[in-house]
Amino acid sequence: MKDAAITLHINGEEHKLNVAVNRTLLEVLRDQLGMTETKYGCGTGECGACTVLVDDRAINSCLALAATMDGKRITTAAGFAHFGELNHIQQAFNDEAAIQCGYCTPGMIVKTASLLAKNPDPTEHEIRHALEGNICRCTGYEKIVKAVQKAARTAPGRTVKADAACQEVAQ
Amino acid sequence: MSSRILPDFDLLLPKSLAEAVELLATHGQRITVMAGGTDVLVAMKFTQSPEYVMSLDGIPGLGYVVFDAAKGLRIGAKATIADLLAQPEVKQHYPALWHAAEIFATGQVRNTATVLGNLLRASPAGDCSCAIYAIGGKLILQRTDGRREVDIDDFWLSYGVTAREPDELAIELVLPPPAIGARSAFKRMTRTNDDLSKLNVAVQLEMLGNTCVEARFAMGCVAPTPLRLRNTEALLKGREITAELLARLVESVPSEISPIDDKRSTAEYRRQVSGVLLKRAIEEACSAA
Ligand SMILES: Cc1cc2nc3c(=O)[nH]c(=O)nc-3n(C[C@H](O)[C@H](O)[C@H](O)COP(=O)(O)OP(=O)(O)OC[C@H]3O[C@@H](n4cnc5c(N)ncnc54)[C@H](O)[C@@H]3O)c2cc1C
Ligand code: FES
Ligand code: FES
């Protein structure tokens with residue numbers, strides 16, 4: 001087949017689409033649906049700018065065919081905001097000034113969400129390991145690591161813990 | 001420069017194994033099989049333009065990683081590197097494979113790329129391929145009229161070419177159950193952390209006290225396919241591991257390999273460090289027990 005009729009559940013909304021089979025998920029999100037928050041960096045799985053969650057797994061949307069995603073739940077960086085309110089991860093990136101040009105940020109936010117879902121209290125090493133597939137040309141990563149630490153501390157439902165830095169000293 | 005846009009192709013999305021092998025029987029060579037697509041889609045963005053791409057996505061039940069102490073480890077064709085890492089028995093019984101999976105690419109790629117895809121790609125640099133070659137194992141290939149097993153020792157024929165026939169689908173990899181006294185290790189060298197290997201090595205040893213009764217060494221990026229270092233293995237088998245013997249192994253490796261100059265390294269450098277990397281892997285395997 002050259003085209004496929006698919007249904008995607010993107011950020012909680014159902015989209016019924018006809019896609020050409022040689023379109024990547026990234027191209028469908030950006031070009032067909034106008035959801036430009038997910039970025040194109042390299043197209044070859046190396047930079048992480050295109051990271052989205054597919055059924056809770058972070059993948060590179062530049063290396064996935066939209067036609068094979070029928071029925072899947074997709075979350076982009078914009079999907080974490082509720083009625084225009086930033087969530088704790090997005091807010092932490094803002095607060096820690098972990099954004100310069102912002103091009104890597106949507107991918108960073110999505111990958112951070114998948115990390116914190118599995119590991120709510122990651123060490124600095126675990127944060128850096130989790131973000132190994134997300135390249136940032138601006139910040140030097142220091143502030144991004146701080147933003148992820150802050151997001152972990154400010155996650156809803158978490159009791160406020162000692163500052164991550166203090167914990168590391170204590171160990 | 002490539003536009004990094006996928007060329008036109010016809011997508012095949014079989015809903016069962018039977019349908020998949022039927023399609024392979026009909027179209028054979030004209031089909032490119034796609035599991036995770038991390039090799040296939042990148043290749044298509046640059047050079048390759050297959051007529052048909054057959055995705056395994058719609059086939060149920062091939063995503064398993066199952067360990068059985070008597071039968072070994074079974075890995076289905078759709079099991080990703082992340083699925084492998086989620087199994088504690090892999091870390092416990094197949095440390096070389098676990099380590100190769102742990103350093104593999106990035107989290108996003110590990111969530112997509114399959115273990116079998118790494119073997120089927122037949123790249124000399126494949127990290128899981130290297131570890132699996134040292135451990136040993138069998139691939140199960142299915143076609144319409146039945147299945148056959150191919151030993152990993154006979155699987156890679158030349159660069160990018162495997163023993164799989166165009167009408168066959170690889171459905172499972174089986175690793176042997178861990179032998180008593182078995183230990184393994186994997187090591188690699190890269191230009192940067194997330195680059196492909198410029199050299200990788202895996203060792204599997206069976207020890208009886210200090211004596212090595214069985215040894216399998218696999219090295220990558222030093223020949224057109226992953227390579228068994230059979231002469232060097234023979235030097236170790238049946239002997240006690242001593243510093244002198246390890247020094248002889250280090251000397252032996254360069255004569256068994258045929259590395260080339262490429263963008264990741266030079267033949268000369270690979271020859272120089274190959275023996276040392278093997279020695280370190282043996283030391284790591286021994287110390288991990
Ligand atoms: C950014 C990036 C980083 C990478 N890093 C690494 C790394 O660190 N180490 C490493 O070894 N590799 C790496 N790779 C290469 C690639 O991810 C691996 O080779 C991976 O294991 C391929 O699996 P896949 O499921 O994506 O295979 P696919 O791309 O789907 O297929 C690979 C090959 O196998 C064939 N094939 C797949 N499944 C079957 C089957 N069931 N039956 C018959 N044929 C089949 C395909 O036709 C194709 O030839 C990297 C790739 C990218 C894009
Ligand atoms: S655009 Fe997908 S990883 Fe770079
Ligand atoms: S803020 Fe510019 S690439 Fe990260």
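From a predicted model like this one, the values you see are computed outputs, not experimental measurements. In what follows, chains are A, B, ... by sequence order, proteins preceding strands, each numbered from 1.
Counting heavy atoms from C-beta on, the side chains of B:L6 and A:V21 never come closer than 4.5 Å. For the pair B:R4/A:C42, a side-chain contact is recorded, criterion being any heavy-atom separation below 4.5 Å from C-beta on.
Interface remark: A:A4 contributes no atoms to any contact with chain B (heavy atom separation under 4.5 Å). The contact between B:D8 and chain A is made by backbone and side chain atoms together, counting heavy-atom distances below 4.5 Å. Residue B:M44 does not touch chain A at all, counting heavy-atom pairs closer than 4.5 Å.
Atoms OH and CE, from B:Y52 and A:M1 in turn, are 13.0 Å apart once rounded to the nearest 0.5 Å.
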Next item on the list: For side chain to side chain contact (heavy atoms under 4.5 Å, CB included), just list the numbers for B:L11 and A:K2, CA-CA rounded to whole Å, side-chain angles, deciding distance to a tenth of an Å, and then say yes or no.
Entry: CA-CA 6 Å; B:L11 181 67; A:K2 297 276 189 186; over 6 Å; no
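Between A:R57 and B:D83 there is a salt bridge, with a side-chain nitrogen of the basic residue lying less than 4.0 Å from a carboxylate oxygen of the acidic one.
More than 12 heavy atoms of other shown residues, nucleotides or ligands fall within 6.0 angstrom of atom CZ in A:R30. More than 12 heavy atoms of other residues, nucleotides or ligands lie within 6.0 Å of CD in A:E126, so this atom counts as buried by the packing criterion. Heavy-atom neighbours of A:E14 CD from other residues, nucleotides or ligands within 6.0 Å: above the threshold of 12. Under a cut-off of 6.0 angstrom, the local environment of CZ in B:R191 is crowded, with over 12 non-hydrogen atoms contributed by other residues, nucleotides or ligands.
The two residues B:Q108 and A:T51 have their closest heavy-atom pair at NE2-OG1, 3.0 Å. B:T106 approaches A:E132 most closely through the heavy-atom pair CA-OE2, 3.7 Å. Scanning both residues, A:T44 and B:F46, for their nearest heavy atoms gives CG2-CE1, 3.5 Å. B:E102 and A:H129 make their closest contact through O-CE1, 4.3 Å (heavy atoms, listed as atom of the first residue, atom of the second, distance).
For the side-chain contact (heavy atoms from CB on, under 4.5 Å) with B:L41, the lone residue among A:N60, A:N22, A:L63 that qualifies is A:L63.
Between the side chain of B:N111 and the main chain of A:I59, no donor-acceptor pair closer than 3.5 Å is present.
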